[in-house]
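This report concerns only the one structure given below.
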Amino acid sequence: MGKTLFEKIWDSHVVVEKENNPSLIYIDRHLVHEVTSPQAFEGLRINNRTVRRPNLTIATMDHNVPTTDRRLPILDQTSAIQMQTLEKNCKDFGIELFDINSPNQGIVHVIGPQLGITLPGSTIVCGDSHTSTHGAFGALAFGIGTSEVEHVLASQTLWLEKPKSFEIRVDGKRKNPHAVTAKDIILSIIKNIGTSGGTGTIVEYSGEGITDLSMEERMTVCNMSIEAGARAGLVAPDEKTFAYLRNRKYTPKNYESLVGHWRENLKTDTNAKFDKTFTLHIDNIAPQVSWGTNPGMTCDVTESVPFAEDYSNGDQSQKKAMVKALEYMDLKPGTPITEIKIDRVFIGSCTNARIEDLIEASKVIKDQKISKNVRAMVVPGSQMVKKQAEEMGIDKIFTDAKFEWREAGCSMCLGMNPDILSPGERCASTSNRNFEGRQGTGGRTHLVSPVMAAAAALEGHFVDVRQLDLN
Amino acid sequence: MEKFKKIKTIVTPLDQVNIDTDQIVPKQFLKLIQKTGFGKYLFYDWRYDENENQKKGFVLNNKKYQGSQILITGNNFGCGSSREHAVWALKDYGFSVIIAASFADIFYSNCFKNGILPIILDEKIVKKLTHEPEELEVDLENQTLSSSSKRISFEIDSHKKKILLEGLDDIAQTLQFEDRVTEYEKQSKIPSVL
């Protein structure tokens, strides 16, 4: 029987295999950031161990960096200590670091592909659950805990049990791809399969709805695989993939010969069998808006906040969770989504802060001003994205519309830096998690695409962007 | 890591599905550079009000469950962020066993690195134990949970069981395979970054 793409990558990375035991898997790329690494380096020191392959390890600062003027001192002392600790660790162990002043600094999952560090057929890990983003390039990429970070630093390997394979086919064509985006595709998938629908599996996204996507759109889809419970999600590489990675800062010298090998090998065999499958038809999907406190609690922009009975389908635990979610979100069942008023807009995060996201959002707001009741912010995913946008004049479109234009980082996606919601504030956010307190204690998050966030900023409430002229 | 021993305490029922790691440890506490001292931040926003007073309705604030080392909770526990701080907080607070019908993948594997035993049981049994919390003895060696009235068996992967029972240092084990890793590297087609 044939093999899936995931199985091929897995098989080519097995170092040690024993029956009924985890396999020792080789890791080709290790991305490190300031929040989940200090304890790992400390562990190496205590045990007098070194980093096995510093030349496969890259570090940056993204989670708690301020997004305001980089020349100013960092006011939050605990954040400053965490950044200094990363600097010292990288220096002591010989690891390349893109610090807060580097032109290569940015969200780790944005800079990996931009720098050509992410490669098809490779294994990539990072102490961050959204490492699944790199799967867009046909890499097996997944988040790990700090103990595993230490393990990879010391050995360049991990003990893993082989996950199951899950094919998610996306069939059909979107009628208006500027209004119905990759974000709406992945939110629709999560809404359908649930936040644990992918647990224990590696997802392969396939079908016309995926191959039609740009690389950046595929990253948005793979990014949120973890929101469906899957540790990784991947897409078979094609000519778009190979073109994206060509001539980047760290693109390998023998790139074309690698491409030849990838073109031949990195695809699921026609006679391969997946453990699980799901198909989404996207001909008629609508822009999505989350209404609850997990990404599965999502509906079409044209719908209303659901009633507990309809949502839970008789499951008491789900019903209880929904009632709690609506209480936290301060929403009443039956409220049309387009009548929900917002206070804040956040365009950013490893899900939606790449150049195409910013271009698309800027089209919505060009020559207009945001609502007086809204405070809106754009946080580019990397300093490279920021620079590119500024060269195109996109920053000007945002600032003219009264958006704040910031330096790169994770920012209000998780609110570890000063960019947070105040209690009770409601935010249209292009990030990936709407958990209680995620963007600030008591803050309320609605997950949407960049164009939906931009349109909401103008109107002060959600609108169906299919009604706008976005071409 | 300490060896996992038999424990016997009352179970703490936290009856909610999909509890994410942002709830287990909110992000404002992820800035520490040590592994210790996270217990006081466990479920912080659910445990304390804005003036840092204990919230009455929350189960961890109920005296009945003080000293409990067993948490029983809804399915998909530990979803979301990969932060191991969540496991450090549970362990530092005093929990050594977490029972649920399912766990998120990254959280599940983080547990074993820190001497926490995550037990997967049928949803019906979890619900019953949640609604009638009692004292349980957890015996990993024999893979049983027992109380005065019942005895329940649970499944666990033999490799993971061994790690907990023997308190093994994962990295030391792996470094024994260094030759195999070097051999692998010689044939790998993926070039270095630098």
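Each chain gets a letter, A, B and so on, in the order its sequence line appears, and its residues count up from 1.
- Classification of the W159(A)-F177(B) ring pair by plane angle, with boundaries at 30° and 60°, yields perpendicular.
- Most heavy-atom pairs under 4.5 Å with chain A: of the set D45(B), N110(B), V181(B), this distinction falls to V181(B).
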Salt bridge (charged side-chain N to carboxylate O under 4.0 Å, His left out) between K113(B) and E150(A), worked out: CA-CA 11 Å; K113(B) 317 286 182 190; E150(A) 184 180 340; over 6 Å; no
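- The greatest number of non-hydrogen atom pairs below 4.5 Å with chain A, out of K160(B), Q173(B), E123(B), Q187(B), is found for K160(B).
- At least one side-chain heavy atom of T174(B) sits under 4.5 Å from a side-chain heavy atom of T157(A).
- Salt-bridge check for E42(A) with K35(B): failed, with every basic side-chain N at 4.0 Å or more from each acidic carboxylate O.
- Per-residue heavy-atom pair counts under 4.5 Å with chain B were compared for H130(A), E96(A), H261(A), Q156(A), and the maximum is reached by H261(A).
- In this structure, N294(A) and C79(B) have side chains that are not in contact, with every pair of non-hydrogen atoms separated by 4.5 Å or more.
- Of the two parts of T21(B), neither the backbone nor the side chain holds a non-hydrogen atom closer than 4.5 Å to a non-hydrogen atom of chain A.
- With a 4.5 angstrom heavy-atom cutoff, T182(B) touches chain A via backbone and side-chain atoms both.
- Salt bridge absent: D20(B) and R433(A) never bring a charged side-chain N and a carboxylate O closer than 4.0 Å.
- The candidate from A86(B), S82(B), S109(B) with the greatest count of non-hydrogen atom pairs under 4.5 Å with chain A is S82(B).
- Only one option out of T78(A), N64(A), D76(A) pairs with K31(B) in a side-chain hydrogen bond (donor to acceptor under 3.5 Å, both in side chains); it is D76(A).
- Counting only heavy atoms from C-beta outward, the side chains of Y250(A) and L194(B) approach each other to under 4.5 Å.
- The greatest number of non-hydrogen atom pairs below 4.5 Å with chain A, out of Q28(B), E84(B), H85(B), K189(B), is found for E84(B).
- Applying a 4.5 Å heavy-atom cutoff, the residues of residues 195-202 of chain A that approach chain B are T195(A), S196(A), T199(A), G200(A), T201(A).
- Although no hydrogens or angles enter the test, the distance criterion places no donor-acceptor pair under 3.5 Å between the side chain of Q318(A) and the main chain of V17(B).
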So E436(A) and W46(B), side-chain hydrogen bond (donor to acceptor under 3.5 Å, both in side chains) or not? Walk me through it. CA-CA 10 Å; E436(A) 280 184 30; W46(B) 290 349; 2.9 Å; yes
